[in-house]
Amino acid sequence: MNKNLLFTSLLISSGLLWQSCGSNEQKGTPTQQGEMAVPVSTAVVQKEIVSGTRNYPANVVPLQETEIRAEVTGYITNIYVSDGSYVNKGQRLYEIDRVRYQAAVDQAKANLEIAKANLERVQKDLQRYQTLSDQDAIAKQTLDYAFTDVNNQKAQVQAAEAALTTARTNLQRSVIIAPFSGSVGISQVRNGALVSAGTTLLNTISSTNPIAVEFPISEKDITEFTKLQTGSANTEIYVTLPDGTKYDSPGKISTIDRAVDSQTGTLKVRASFANGNNLLRAGMNATLNVQSRSVTEELVIPYKAIFEQLGTFNVYTVNDSSKVELKQVVLGNKIGEKVVITQGLEIGQKIVVDGTTTLRPGAKITDNTENKK
């Protein structure tokens, strides 16, 4: 019985083996019958005159801004401008105890006149003592005292002149004037307030027209922005306001900071804008846009055709045998759904746009682009 069972098993195994071999001969392997084609969509590398926009977070800063502080001690006796108003250079802003400082000037003038009169008196005394000394009519010590009196009185005149200069300076500083044209903020003091020299903040003034927009750039972009500063690049610089609207006046790169921040690899750049309507306010958050336009035609492809491997950008090109080849490319500016290719491709080449994830170099493809259309 065991022998019959063993014989039956051998027959079944032989039959299965024969069937399997027959099946392989009937279907064939992919390498024997031909490679399976992968369906993809393609595009052709074209040349276009392109324009692209890059956006940078930015904030508005005045080209000039300074804190206005009291330069003398006293009480605020007059405020000449209203909060937030525009002022011209040299315009009066605040007055601090001007009457008291005017009185100090008058007193210093009087003291100077007294010192001069005393000097004139001792000089005349010296002349008389010199005449008497020539006649040997007075003691030499008396003449020496006369010389000393003259020298002392000359020093008194110099001290009186210095005191007058100080009094005049304080009088001048008792009236605070605008150091440059611009807008003042909300006053930090009111009439009658006691202020101290060098410490009390009165207000802040900042220039408004032109005004600057400051933003950080990568150290990789220094060369490009240097060209923008010299005006050799074909670009437009404009600002998007916080409400999303475009600011009308275009700007220009005015300043590039001296050094790169070693921690972030960025440096600050300033663009200046006309601001006659005062829409751009100091401290405002905005977006700075750099829109570049190529002078000559450049190679462009759909951006979704790009994929990254080991830090490099690649595309699949399609040869005459409908097989794909891996090409490394160098990217330029991204323009909407397209990207500029600076190296790696030629005009007219066919590239794979959709379906790259299922491909390997040398894979055969079928183009479904026409079907999608």
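It should be emphasised that the depicted structure is a prediction, and the values quoted were computed from it without experimental measurement. The residues of the chain are indexed from 1 along the displayed sequence.
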Parallel under 30°, tilted from 30 to 60°, perpendicular over 60°: which one fits the rings of F215 and F225? tilted
What class does the angle between the rings of Y247 and F273 fall in, given that below 30° is parallel, 30 to 60° is tilted and above 60° is perpendicular?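 Perpendicular, since the angle between the ring planes exceeds 60°.
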Give me the atom names and distance for the closest heavy-atom approach of [X] to [Y].
| X | Y | result |
| --- | --- | --- |
| T73 | S196 | OG1-CA, 3.8 Å |
| T366 | P39 | OG1-CA, 3.3 Å |
| R69 | T199 | NH1-O, 2.8 Å |
| L164 | V105 | CD1-O, 3.6 Å |
| E48 | V300 | CD-CG2, 3.6 Å |
| T240 | A286 | O-CB, 3.5 Å |

Using 4.0 Å as the upper bound for N to carboxylate O, is an ion pair formed by D83 and R190?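 Looking at R190 and D83, the cut-off is met.
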Does a salt bridge link E120 with K116, judged by any charged N lying under 4.0 Å from a carboxylate O?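 No.
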Would you check if there is a donor-acceptor pair between the side chains of D106 and Q102 at a distance under 3.5 Å?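 Judged by distance alone, the side chains do pair up.
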Would you check if there is a donor-acceptor pair between the side chains of T208 and N278 at a distance under 3.5 Å?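 Result is no, nothing qualifies.
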Give, for atom [atom1] of [X] and atom [atom2] of [Y], the distance between the pair rounded to the nearest 0.5 Å.
| X | Y | atom1 | atom2 | answer |
| --- | --- | --- | --- | --- |
| I76 | S174 | CD1 | OG | 10.5 Å |
| T148 | L143 | OG1 | CG | 9.5 Å |
| D149 | K154 | CG | NZ | 12.5 Å |
| K338 | Q46 | NZ | CD | 6.0 Å |
| I211 | R270 | CD1 | CZ | 10.0 Å |
| L126 | T142 | CG | OG1 | 12.0 Å |

Within the 4.5 Å heavy-atom criterion, are [X] and [Y] side-chain neighbours or not?
| X | Y | answer |
| --- | --- | --- |
| L119 | Q156 | no |
| I351 | K327 | no |
| I306 | I341 | yes |
| Q188 | L202 | no |
| D367 | K350 | yes |
| F180 | T66 | yes |
| Q229 | I256 | yes |
| S272 | K252 | yes |

Taking a hydrophobic cluster as the set of Ile, Leu, Val, Met, Phe, Trp and Tyr residues connected by side-chain heavy atoms closer than 4.5 Å, whether directly or through intermediates, do [X] and [Y] fall within one such cluster?
| X | Y | answer |
| --- | --- | --- |
| V195 | V184 | yes |
| V189 | I96 | yes |
| V45 | V330 | no |
| I205 | Y86 | no |
| I237 | L267 | yes |

Please report the C-alpha distance between R98 and L171 in whole Å, then the side-chain angles of each, then the deciding distance to 0.1 Å, and finally whether the side chain to side chain contact (heavy atoms under 4.5 Å, CB included) criterion is met. CA-CA 6 Å; R98 181 172 175 80; L171 176 63; 3.6 Å; yes
Looking only at atom types and distance, does a side-chain atom of [X] sit under 3.5 Å from a main-chain N or O of [Y], one as donor and one as acceptor?
| X | Y | result |
| --- | --- | --- |
| S218 | K220 | yes |
| S181 | K89 | yes |
| K268 | T255 | no |
| D97 | Y75 | yes |
| S322 | V318 | no |
| N275 | L280 | yes |
| S207 | Q64 | yes |
| S41 | D354 | yes |

Take atom [atom1] in [X]; do more than 12 heavy atoms of anything else shown fall under 6.0 Å from it?
| X | atom1 | answer |
| --- | --- | --- |
| Q107 | CD | no |
| E337 | CD | no |
| D243 | CG | yes |
| Q172 | CD | no |
| D136 | CG | no |

Evaluate V40 against V324 for side chain to side chain contact (heavy atoms under 4.5 Å, CB included), listing each step before the verdict. CA-CA 11 Å; V40 297; V324 296; over 6 Å; no
With Y94, which of N191, N203, N78 fulfils side-chain hydrogen bond (donor to acceptor under 3.5 Å, both in side chains)? N203
Before giving the answer on side chain to side chain contact (heavy atoms under 4.5 Å, CB included), spell out for Y80 and Q91 the whole-Å C-alpha distance, their side-chain angles and the decisive distance to 0.1 Å. CA-CA 9 Å; Y80 293 103; Q91 184 175 337; over 6 Å; no
May I have the step-by-step check of side chain to side chain contact (heavy atoms under 4.5 Å, CB included) for Y56 and D221, ending in yes or no? CA-CA 12 Å; Y56 299 88; D221 297 331; 4.0 Å; yes
Do Y316 and F307 have their ring centres less than 6.0 Å from each other? yes
